[in-house]
There are 2 protein chains.
Amino acid sequence: MQGKFDQLLEKHKLKKTAPRFSVLEVLSSRDVATSQPNLEEILGKEVDRVTLYRILKTFEEKGIIHKIIDANGTANYAVCHSSCTEHQHRDEHLHFNCTVCKKVYCLNDVHIPAFNLPEGFEASTINLVASGVCQACKAQL
Amino acid sequence: MQGKFDQLLEKHKLKKTAPRFSVLEVLSSRDVATSQPNLEEILGKEVDRVTLYRILKTFEEKGIIHKIIDANGTANYAVCHSSCTEHQHRDEHLHFNCTVCKKVYCLNDVHIPAFNLPEGFEASTINLVASGVCQACKAQL
DNA sequence: TTAAGTGCAAAATCTTTGCAAATGT
DNA sequence: ACATTTGCAAAGATTTTGCACTTAA
């Protein structure tokens with residue numbers, strides 16, 4: 001299904017280049033968010049490190065992928081699940097950061113419960129990251 | 001009230017040095033978390049950058065301060081509000097990251113609501129960061 | 001053809017490490 | 001006096017910038 005990426009890039013008026021396809025392939029082949037260092041490792045041969053920075057930045061601005069900062073401050077990326085646009089990201093679901101395998105799971109089904117902010121505060125984005133041991137890693141203990 | 005810091009350092013078997021007092025003074029004089037770059041700026045003359053890294057690391061390990069990674073992946077620090085120990089941090093309250101003034105507020109009064117993790121996942125730490133415009137900044141618009 | 005995108009080199013930052021000198025107990 | 005802690009210098013890592021070359025449209 002190559003056409004999927006074609007459409008995606010077209011939709012955002014981005015040129016269909018080899019490095020961009022590589023990035024999309026890696027990110028969409030995974031059910032978890034991928035850290036930038038990890039991406040570099042995987043794409044090392046095909047995509048220049050600087051190009052990767054620029055692609056990730058562009059994709060994020062266009063709403064194609066979203067960035068999750070994990071507990072260590074490392075950027076992780078995942079293709080946007082629902083309808084992110086250039087103007088508004090909608091990735092307000094729970095992320096789970098496994099401390100053993102370092103994976104960041106996008107738990108799309110768990111929605112963030114409501115809470116009250118003090119008078120005068122207004123939130124535009126909410127980020128909920130839980131850290132602990134994931135399903136898979138716990139099974140191996 | 002100099003004695004407060006003295007006690008704090010004694011309690012954790014840390015030597016009472018000038019740089020450490022400086023860090024504690026800055027952090028506790030503020031009701032918001034302070035970013036590391038900001039700390040460097042403030043302490044630039046009195047504390048070496050490397051020393052600052054080490055102090056922050058030590059303090060965090062001892063449970064004297066806690067680290068909040070903001071939406072940009074930058075580390076922010078605040079003195080622990082309640083009873084953090086070397087073994088367990090209890091900073092599971094909401095943080096509010098203002099996109100205008102960049103401050104990170106510790107909203108100790110807003111507790112994180114409960115949510116259900118999928119089978120097999122177990123969270124040891126929870127981090128909830130809301131981004132938006134804070135009280136003070138909104139008033140100035 | 002030409003604007004957008006890439007890759008390399010190099011600058012600018014940020015973070016860590018090693019070690020001698022200084023400091024608190 | 002002795003173990004800790006600091007400050008400097010230097011290595012390592014990360015991120016950004018500039019610019020010539022390449023490529024998709």
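Naming: A, B, ... by sequence-line order, numbering from 1 per chain. The analysis underlying the following values was restricted to heavy atoms, covering all of them including side chains, and did not include hydrogens, waters or symmetry mates.
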DNA chain C: A:T58 or A:V50, which has the more 5' nearest nucleotide? A:T58
Just by modelled atom types, is the B:E119 backbone N or O under 3.5 Å from a matching donor or acceptor in the A:Q135 side chain? yes
Taken to the nearest whole Å, CG/A:L14 to P/C:dT6 is 9 Å
Provide, to the nearest angstrom, the distance between the CZ atom belonging to B:R49 and the P atom belonging to C:dT15. 8 Å
Could you go through the side chain to side chain contact (heavy atoms under 4.5 Å, CB included) check for B:D48 and B:L52 one step at a time? CA-CA 6 Å; B:D48 183 74; B:L52 180 58; over 6 Å; no
Spacing between B:N72 atom CG and C:dT13 atom P, to the nearest angstrom: 17 Å
At 4.0 Å (heavy atoms only), tell me whether B:P19 reaches a base, stays on the sugar-phosphate, or touches nothing. sugar-phosphate
Contact class for B:T51 vs. all strands (heavy atom < 4.0 Å): base, sugar-phosphate, or nothing? base
Under 4.0 Å between any heavy atoms, over every strand shown, what does B:R54 touch: base, sugar-phosphate, or nothing? Just pick one. base
Sugar-phosphate, base or nothing in reach of B:K15, heavy atoms under 4.0 Å: base
Output the rounded distance in Å from NZ (B:K57) to C1' (C:dT15). 11 Å
What is the distance, rounded to the nearest whole Å, between atom OH of A:Y53 and atom C1' of C:dG7? 15 Å
Output field dot_bracket for DNA chain D (Watson-Crick or G-U, both distances under 3.5 Å, | for other-strand pairs) contains |||||||||||||||||||||||||
Does the A:T99 side chain pair with the main chain of A:G132, one donor and one acceptor, at a distance under 3.5 Å? yes
Please check if the number of heavy atoms outside A:E40 that lie under 6.0 Å from its CD is greater than 12. yes
When you look at NZ of B:K138, are more than 12 heavy atoms from neighbouring residues, nucleotides or ligands closer to it than 6.0 Å? yes
Rounded to whole Å, CD of B:E41 lies from P of C:dC14 at a distance of 11 Å
Value in whole Å for how far the C1' atom of C:dA4 lies from NE2 of A:H12: 17 Å
Can any side-chain N or O of A:S124 pair as donor or acceptor with the backbone N or O of B:S131 at less than 3.5 Å? yes
Between the NE2 atom in A:H95 and the CG atom in B:N127, the distance rounded to the nearest 0.5 Å is 13.5 Å
Could you tell me the separation between the CD1 atom of B:I69 and the CG atom of B:N97, rounded to the nearest 0.5 Å? 11.0 Å
Measuring centre to centre across the rings, with the benzene-like ring taken for any Trp, is B:F59 within less than 6.0 Å of B:Y77? no
Under a 4.0 Å heavy-atom criterion, DNA chain D is touched by chain A from D:dT14 to D:dA25
In whole angstrom, give the distance that lies between atom CG of B:L52 and atom P of C:dT16. 12 Å
